[in-house]
Number of protein chains: 2
Amino acid sequence: MSQADPAAGTTGDNPQPEQPSKNALKKAQKEKEKAEKKAAAKARELAERAKKDAADGTDVSADAYGELPLCGSTDFKPTGTPRADLAQIAENEDKEITFRCWVENARVQSAKLAFLNLRQGLSTVQAVVAASEKLSKQMVKYCGSVSTESTLVVSGLVKRVQEPIKSASIKDFEIHVQKLHVEVKADVPLPLQVEDAERPLPNDTAAEDDQKQEEGGERPLVSLNTRLNNRTLDLRAKINQSIFVIKSGVCALFQEFLSKKGFVLVHTPKILGAASEGGANVFELKYFDRPAYLAQSPQFYKQMLIASRFQKVMEIGPVFRAENSNTARHLTEFTGLDLEMEFQENYHEVMGVLEDLMLFIFGELNARYKKETDLVRGVYHINEFKLPESGKVPRIPFKEGIAMLREAGEELGDYDDLTTPQEKRLGRLVLEKYNTDFYTLDQFPLAIRPAYTMPSPADPLLSNSYDMFMRGQEICSGAQRIHDSTLLASQMRKHDPPIDPESAGTKDYVECFRYGCPPHAGGGFGLERIVQFWLGLPNIRMCSLFPRDPQRVVP
Amino acid sequence: MSQADPAAGTTGDNPQPEQPSKNALKKAQKEKEKAEKKAAAKARELAERAKKDAADGTDVSADAYGELPLCGSTDFKPTGTPRADLAQIAENEDKEITFRCWVENARVQSAKLAFLNLRQGLSTVQAVVAASEKLSKQMVKYCGSVSTESTLVVSGLVKRVQEPIKSASIKDFEIHVQKLHVEVKADVPLPLQVEDAERPLPNDTAAEDDQKQEEGGERPLVSLNTRLNNRTLDLRAKINQSIFVIKSGVCALFQEFLSKKGFVLVHTPKILGAASEGGANVFELKYFDRPAYLAQSPQFYKQMLIASRFQKVMEIGPVFRAENSNTARHLTEFTGLDLEMEFQENYHEVMGVLEDLMLFIFGELNARYKKETDLVRGVYHINEFKLPESGKVPRIPFKEGIAMLREAGEELGDYDDLTTPQEKRLGRLVLEKYNTDFYTLDQFPLAIRPAYTMPSPADPLLSNSYDMFMRGQEICSGAQRIHDSTLLASQMRKHDPPIDPESAGTKDYVECFRYGCPPHAGGGFGLERIVQFWLGLPNIRMCSLFPRDPQRVVP
């Protein structure tokens, strides 16, 4: 439900922003490519020379470096050597370790000395290859020539350094290399430099500031399109690794909290025999000899499960929307975090669960994913996400939201829907008044909600429905649902546009409320939106591994 | 991957088995309907009479029973009375409790006495409504007339009984009713009786035995089709509630085990711009102005994430197969439990993780879901699932499996694929020899595996691939994957049928292995199959809330 937002197109959010000067960028791009080609040729030359030298037979390190055979399809015998985790390097001071890593960069300082920046997970470490009686100059040359992004197996001594190392995340230790083998070589040149993927997107306010601050700032910022076209390289960036570790974390926390409350994880069908919920914005597919449709949400099914006496259900699954919305906050396929539960007397019981759920997720993200959060927010210079100090989430009646906006000069009617700019403005007003980036609007106008929404006892033009917001943007839409089939059918017929309760897509749904379904409410969150607004990212595509929008279905 | 099984059609498994005698069943069905209609008319009559009596104004219990107004859309004020959980009833002996429940059945014993069987979750309790100075005869009549499956709010005293109650799961206590309100009334008659859904499917060996044993065994067993057509009622059966609590548990355990090992939960796209993996058995959809396809597995994407340096990934998501297989173990949409990870030296590292994962899941199912497991297996009289006593999962080379089958009289070649009957037979042989229902086959013939499978170093006609089995049926297929783009492209071209590595559906995938992807392996489990074989259920549809097969896309 969380993506339905007819007004979003009016914000002018653009997923592929125009470059400030195309010619300047083109020129810079060409220069970059030229430099990379030159570097690649140089690297090849060095590697060949090193090999030649080694072949002379005068190499004391002949067995300590080179390329390993393809792992798995050869008779290569496992060594059984344990592999070290660089995150635990401090425990190995002055010890020899063996570890897999990949090359951020390699440079030959002199005939006797090469340096490599090596990465493993979010850790980077400096490695020194120094010629000695036991380590040949040929090996130094070879190590300096290894191509960026190649996967290595390295053995060496962990040594404490005097001066903190600036260029690596591990500041106090370096590796004195004894052996270095290329396990899987990366091609040269790469279509995208991973270090470019670490920088912000262009044409964003935060991004521009960054660009000015950065050393070597002439390198152009790489567009989102180029990054997504080379997504497997792009995702290697620490910022991207962090985003998806956080996304994984949100799912785990969602389930952790709700499991403890007795929710059952369910999987409802994504292939439907008939378009439901009015039939707009739905993808059609060929199902053997007939048409079928992709589920726009698990709405009908999660309610049918409440009718089936599953008292509390949750689902994490893909949601498909055939909306031609090309904005920074819409996807055609996203991950829905859905829940539905029966309540005893009042739908506010369910709102309480939703609010506690989100406070738990935010609290644990701060506790368990601080490193990743700081890393991402550092690139975009985003403010911390403010939570209500009292621990009580402001639950603002829609009417009061309208009043706040009017007081601030907006013109809108009592039962009008909010536009995206109005939502964002309300977010700023709430932040000022309540000092929180997270809050709920309650009692929305009935006319702007789906037909299955329970009308309000207080005002027949309102409904028992709510949205939740982060930084002024909607992340969740929910409501008490009608659990009486007669009222539901009548509301469907009265709805604009009307829905036929007897149609193939709604019949089973409407009928299930004839058999004693308890009162229930629920909500649907957009997972990518939670991650986007938590981190303050400029585009939702950054929160989808392989995003889908009207223009993009690859890779 | 776990569903690909070209030979499965040959087993003659039939999801909609023929009834032994259609006429007998039809007759019984008609009689059943007649009886139900009669009962419904009787109930209506009773309810009306009770109401009329109440209207006479001589009713001391007038406020203690009746229908509640529709919860939510009226000005009904919440009472704030806490609602009791029947699972904790023993803690409330001699106390008054209020609880929501639904009616399994209600019967008037005399003008002064009515009994109801009430259910909440997996608990059922007997409630007694006895006329007294404080409780009117009118109320007794009303309580006895409440329709089956209606949702109630009941208040009463928890009383210990002398004789254990046979008809309820709570044997030692009953409720002495003080108030009883119908919160949501169920229609009469129901299209499916929930008690019928508690019984086994017809035409299964186990089911036939059951039918003979049961009292009142003339009632015909209800076909799977009828059950699925009325799935929201069918799912109310305790056996079904238990199946889906277990299914939810398997997902939770899968994530619990792998999270601790550092796996990141990912969500790969289900909409693909081009058909991948050869293009067979794929659903096509209309994606704005072009065709797109539903993912048959997350295979390519989970590997691309390993190439993106996510060292260990897992996914739980829908998998779509346009296979026209009408068997008891195929669905067109099922839930895939997928994982992929880099390994250091040998793909057996990954097999170890998979085996430990499944042993953890089985062990915890026994520990945490014993009640649900026993309940389901009790209906189908299925043997316990045997696990290796040593804790070591037999890892049988494919060659050895062939030898075992030959010794048992099967005729098949060294590199032939196993048919489903052969797999089942091997399952029995392994059970005899190793005393376990769970085991792995390793080193499958290369020709019968996907093109991306790493060939074996031991024999070029074999591969570093494996399947896992439960009760002789495949639940997981996995392998070391080729992590070198040149070898991968060449294997794709040589494959039968050949795959073009430059085609739109494979290009991004093949190219991602040009940038230093580490060696990796993984596997894909079919969630519904794990649940089906764990419980020993006759049909996989029983393990999908709303199953999809070539004939069924509703409800």
### Task
Please flag which part of A:Gln311 lies under 4.5 Å from any non-hydrogen atom of chain B: side chain, backbone, both or neither.
side chain
### Summary
Assert top hit (heavy-atom pairs under 4.5 Å, partner chain A, pool B:Lys507, B:Glu342, B:Lys247) equals B:Glu342
### Part of A:Tyr293 lying under 4.5 Å from any heavy atom of chain B
neither
## Note on the structure
If one checks every heavy atom of A:Ile482 against chain B at 4.5 Å, the contacting part turns out to be neither
### Task
With the side chain counted from C-beta on, respond yes when B:Arg100 and A:Pro518 share a heavy-atom pair under 4.5 Å apart, and no when they do not.
yes
### Task
Measure A:Glu284 against the heavy atoms of chain B and call it side chain, backbone, both or neither at under 4.5 Å.
both
### Query
Heavy-atom distance under 4.5 Å to chain A: side chain of B:Leu294, backbone, both or neither?
side chain
### Message
Check whether A:Gln344 reaches the backbone of B:Arg83 with its side chain - one donor and one acceptor, N or O, closer than 3.5 Å.
### Response
no
### Message
Do A:Thr151 and B:Arg309 pair up side chain to side chain, a donor and an acceptor below 3.5 Å, judged on atom types alone?
### Response
yes
### Task
Could you walk me through whether B:Val553 and A:Leu272 pass the side chain to side chain contact (heavy atoms under 4.5 Å, CB included) test, one step at a time?
CA-CA 6 Å; B:Val553 274; A:Leu272 308 184; over 6 Å; no
### Query
For the atom pair NZ (A:Lys286) and CZ (B:Phe283), what is the distance rounded to the nearest 0.5 Å?
12.5 Å
### Message
Walk me through whether A:Phe546 and B:Leu305 qualify under side chain to side chain contact (heavy atoms under 4.5 Å, CB included).
### Response
CA-CA 10 Å; A:Phe546 299 95; B:Leu305 291 173; 3.9 Å; yes
### Query
Do B:Phe288 and A:Gln551 pass the side chain to side chain contact (heavy atoms under 4.5 Å, CB included) test, and can you show the C-alpha distance, the side-chain angles, and the key distance before you say yes or no?
CA-CA 9 Å; B:Phe288 302 98; A:Gln551 264 68 54; over 6 Å; no
### Query
Is chain B contacted by the side chain of A:Arg119, its backbone, both, or neither, given a heavy-atom distance below 4.5 Å?
neither
### Query
Checking heavy atoms, do the side chain of A:Tyr347, its backbone, both or neither come under 4.5 Å from chain B?
neither
### Query
Is it the backbone or the side chain of A:Thr81 that comes under 4.5 Å from a heavy atom of chain B, or both, or neither?
backbone
### Query
Quick one: does B:Gln255's side chain have a donor or acceptor within less than 3.5 Å of a partner on A:Ala252's backbone?
no
### Query
Where is the tightest heavy-atom contact between A:Val184 and B:His483, given as atom of each residue plus distance?
CG2-CD2, 3.7 Å
### Message
Under 4.5 Å from any heavy atom of chain A, what part of B:Phe343 do you find: side chain, backbone, both or neither?
### Response
both
### Query
A:Thr332 and B:Tyr287: side-chain donor and acceptor closer than 3.5 Å?
yes
## Note on the structure
Applying a strict 4.5 Å limit to non-hydrogen atoms, the region of A:Glu333 in contact with chain B is side chain
### Task
Check whether A:Asn324 gets within reach of chain B through its side chain, its backbone, both or neither, counting any heavy atom under 4.5 Å.
both
### Query
So what's closer than 4.5 Å to chain B heavy atoms on A:Pro318: side chain, backbone, both or neither?
side chain
### Message
Distance check, rounded to the nearest 0.5 Å: A:Asp234 atom CG versus B:Ser308 atom OG?
### Response
8.5 Å
### Query
A:Ser248 side chain to B:Leu265 main-chain N or O, any donor-acceptor pair under 3.5 Å?
yes
## Note on the structure
Honestly, the part of A:Asp508 sitting under 4.5 Å from a heavy atom of chain B is side chain
### Message
Please classify the contact between A:Arg548 and chain B as side chain, backbone, both or neither, with a heavy-atom cut-off of under 4.5 Å.
### Response
both
### Within-4.5 Å side-chain heavy-atom neighbours: B:Met304 and A:Leu545
no
### Task
May I ask you to name which of B:Ala292, B:Pro550, B:Cys251 has the most heavy-atom pairs under 4.5 Å with chain A?
B:Pro550
